[in-house]
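Below is one structure; the comments refer to it alone.
First the proteins, then the strands, lettered A, B, ... as listed; each starts at 1. Both backbone and side-chain heavy atoms feed into the values below; hydrogens, waters and symmetry mates do not.
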Amino acid sequence: MERERSDRSARRTASGNFDPSVVGVRTFLKNWPIVLSQMEKLSVSLKRRQVSGPYHCAKATLELLRYTVGTCKWATAAQLMELIRAVGRELIAAKPSELAVGNVVRRVLFVIREEYTAKLRQAEDAAASGAAAAAAAEVSVPSLETVLGGEQLEADFSAPLPDLKQLIIEGLNELKAELEEMNSVICERAAETIHANEVVLTLGRSATVEQFLLAAADHYRKARLTFSVIVAEAAPGLRGHELARALAAAGIETTVISDSAVFAIMARVNKVIMPTHAVVANGGLVAGCGSYMIALAAKELSVPVVCVTGLYKLCPLFPHDQDTFNCLLAPSAVLPYEDTELAESIEVLNPAYDYIPPELVDLYMTNIGGHQPSYIYRLLAEYYHRDDYILAPEFEG
Amino acid sequence: MARPVIACKTDGKQEQAVVQEFLQMLGPETTLPVAAIKVLIGVIARSNASTIMGMERELRQTADLLLDSVVLHAKSTIALSSGCELFLRYVTRCSLDFPNFEDCKKQVLHRGEKFAEMSVTSRVRIAELGHGFVRDGAVIMTHGYSRVVASLLLRAAQTKHFTIMIPEGRPEGAGFEAAAVFSKAGIPVSVILDSAVGYFMEQVDLCVVGAEGVVENGGVVNKVGTCQMAVVAKALHKPFYVAAESYKFARLYPLNQRDLPEGRTPMIRLDPVGGEPAPPGVDCTNPCVDYTPADYITLLFTDLGVLTPSAVSDELIRLYQ
């Protein structure tokens with residue numbers, strides 16, 4: 001009975017004002033209280049940093065969106081995309097600095113577009129009608145070819161197609177599997193990136209980098225070869241200590257240094273393995289605070305900087321300055337709250353990230369291979385639809 | 001508005017008629033390449049040719065005629081040639097899609113109506129893509145008068161406060177022309193000496209210039225003085241952006257300043273300031289445009305999206321492969 005009523009009201013909404021951006025996503029989701037509560041829960045977790053780090057944010061966002069697609073009622077792909085965008089905007093607003101959230105929303109929209117287009121073409125082929133309409137549904141990337149020739153007909157995603165939901169869910173499952181396997185795929189390239197007897201430097205603790213280093217160590221152990229790792233501790237969070245512990249446990253020769261010793265030790269380093277928070281559209285990256293200093297030191301001494309990252313960190317937004325995608329953390333890590341006397345007279349800042357311009361990065365080692373920073377724009381065109389680049393203008397301008 | 005003085009250096013009657021038609025197409029909203037494309041469409045409409053081959057030959061002749069006989073004052077004809085090349089390429093591609101000659105001709109003419117709006121729509125798109133790079137309170141340096149840059153900065157001025165610095169742009173003083181446009185829109189603007197670019201660069205947050213042509217390696221050809229501005233910007237670590245429509249992408253690969261095609265990039269005699277004639281025996285020949293290598297350019301704002309310089313060759317290769 002309850003179910004029937006909610007279905008009816010959903011139909012009413014669907015026939016009337018479906019657009020969640022008009023009625024507000026919360027009002028709209030009242031028909032599906034579980035989805036609404038899941039969304040609220042994730043928003044709060046993001047705000048409180050209970051869910052943090054690109055991988056966990058990406059995974060949680062994908063779970064929620066997949067659940068939304070499966071649970072909410074929608075008639076056409078256009079309605080679904082509007083809903084996904086609205087939910088995505090809520091999550092981005094909760095924590096704008098977690099760029100992976102927006103990336104996953106864009107990927108999900110991309111999957112919906114792809115499945116719709118494929119299905120539409122299939123349906124049309126079956127009906128053997130209108131080659132023009134099929135061509136219209138083609139996802140067109142703007143290029144010099146289309147400047148003059150292309151009619152720029154975009155599919156409007158309004159055709160109701162049977163089984164579309166099933167196809168999209170399958171697409172999202174693939175996306176989830178891709179996300180989960182990403183790190184192990186990157187690790188396959190560990191041995192070709194880190195050579196035997198090299199000295200590599202890294203900062204803080206990133207799950208990707210940790211697995212990457214352990215994979216390289218595994219590879220060389222069989223041949224009784226070794227390499228050594230210098231870990232900058234990444235004050236004030238000191239996550240570098242955790243990484244050092246994990247590496248030492250695996251038998252890798254590990255040295256921990258304070259962040260201020262980076263320049264002094266750089267002369268001995270063969271390669272910097274840079275962990276990252278996000279890769280941005282110009283090929284630069286947003287990484288933990290302190291990485292800019294490392295990248296500059298590496299440049300000064302001509303040490304190559306290799307950024308190891310899965311493509312869920314690839315973000316189509318442009319950084320404008322050091323502050324664009326940054327956020328400030330609690331100052332207590334820098335200056336304990338007990339020190340009230342000093343705290344009264346000074347300002348304490350604890351920024352979370354650094355922006356590193358593309359000219360300081362030599363190579364991106366991703367799950368689909370090694371790329372130069374100047375190639376990032378091509379990956380963007382393959383991964384996202386350009387209409388989805390800007391999801392929440394107030395946070396992404 | 002003081003648009004470049006355009007002269008025709010041909011005697012043939014028919015040739016003059018074509019050039020005349022081209023000149024009439026030019027307006028405040030229509031750029032050189034778009035006007036050229038319109039002329040070429042006119043050629044197709046009037047053509048008696050009954051084969052693709054014949055039509056292409058007529059188009060090629062007209063394009064060559066335009067390139068040879070249109071002389072621009074203080075401007076290069078690189079964009080003109082890239083516009084013609086792009087259109088000829090489109091006709092070739094169209095003939096592959098529509099094997100029937102009449103169908104092909106119809107299709108080209110039908111699309112032709114859209115080209116008229118092309119300059120305006122690309123400019124709007126570039127303004128939408130690029131205005132986010134202008135931050136509140138920024139100081140922006142630009143050079144020459146570019147309609148694309150103007151539309152970008154005017155779009156940015158709708159939501160942000162910033163100031164503009166612009167070199168006067170000798171010899172024709174394009175800087176004053178641009179400054180008048182910005183000032184009218186209420187943007188604080190100061191005109192500086194061409195030789196003061198280095199002095200003011202430390203106060204600047206970003207540079208954005210237009211282009212007369214974008215070459216294959218992602219470098220640009222633009223009003224003389226652009227190259228020195230880019231070099232100074234690079235030295236002081238300031239981002240240097242270029243805003244240009246994609247029909248200005250040219251298949252040139254210059255390695256230095258003198259590699260630019262002769263005839264397309266005019267040299268002018270420059271009399272000293274003050275009106276006094278130059279002392280005898282002193283050479284006052286100067287270029288109107290210069291070539292800025294891709295190394296000095298941070299990003300290009302085009303209607304195809306925000307591109308890195310290396311993306312330009314990708315686009316050109318995809319079209320002309």
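- Within a 6.0 Å sphere centred on NZ of B/Lys160, other residues, nucleotides and ligands contribute more than 12 heavy atoms.
- Annotation: residues 366-378 of chain A contacts chain B through A/Ser374, A/Tyr377, A/Arg378 [non-hydrogen atoms, separation under 4.5 Å].
- For a residue to count as touching a neighbouring chain, one of its non-hydrogen atoms must lie under 4.5 Å from one of that chain's; by this rule B/Leu206 does not touch chain A.
- Here A/Glu359 pairs with nothing under the side-chain hydrogen bond (donor to acceptor under 3.5 Å, both in side chains) rule; sequence neighbours left out.
- A/Glu347 CD: 12 or fewer foreign heavy atoms inside a 6.0 Å radius.
- Shown here is B/Arg93, whose CZ atom has more than 12 heavy atoms of other residues, nucleotides or ligands within 6.0 Å.
- Residue pairs meeting the ring pair (Phe, Tyr, Trp, His ring centres under 6.0 Å) criterion with at least one member in residues 292-319 of chain B, sequence neighbours excluded: B/Phe133-B/Phe301, B/Tyr241-B/Phe301.
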For residues 278-298 of chain A, tabulate all N or O donor-acceptor pairs below 3.5 Å that involve a side-chain atom, not counting sequence neighbours.
{"residue": "A/Asn282", "atom": "OD1", "partner": "A/Gly284", "partner atom": "N", "Å": "2.9"}
{"residue": "A/Asn282", "atom": "ND2", "partner": "A/Tyr355", "partner atom": "OH", "Å": "3.0"}
{"residue": "A/Ser291", "atom": "OG", "partner": "A/Gly288", "partner atom": "N", "Å": "3.4"}
{"residue": "A/Ser291", "atom": "OG", "partner": "A/Gly288", "partner atom": "O", "Å": "2.2"}

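- With a threshold of 4.5 angstrom between heavy atoms, B/Arg89 does not approach chain A through any atom at all.
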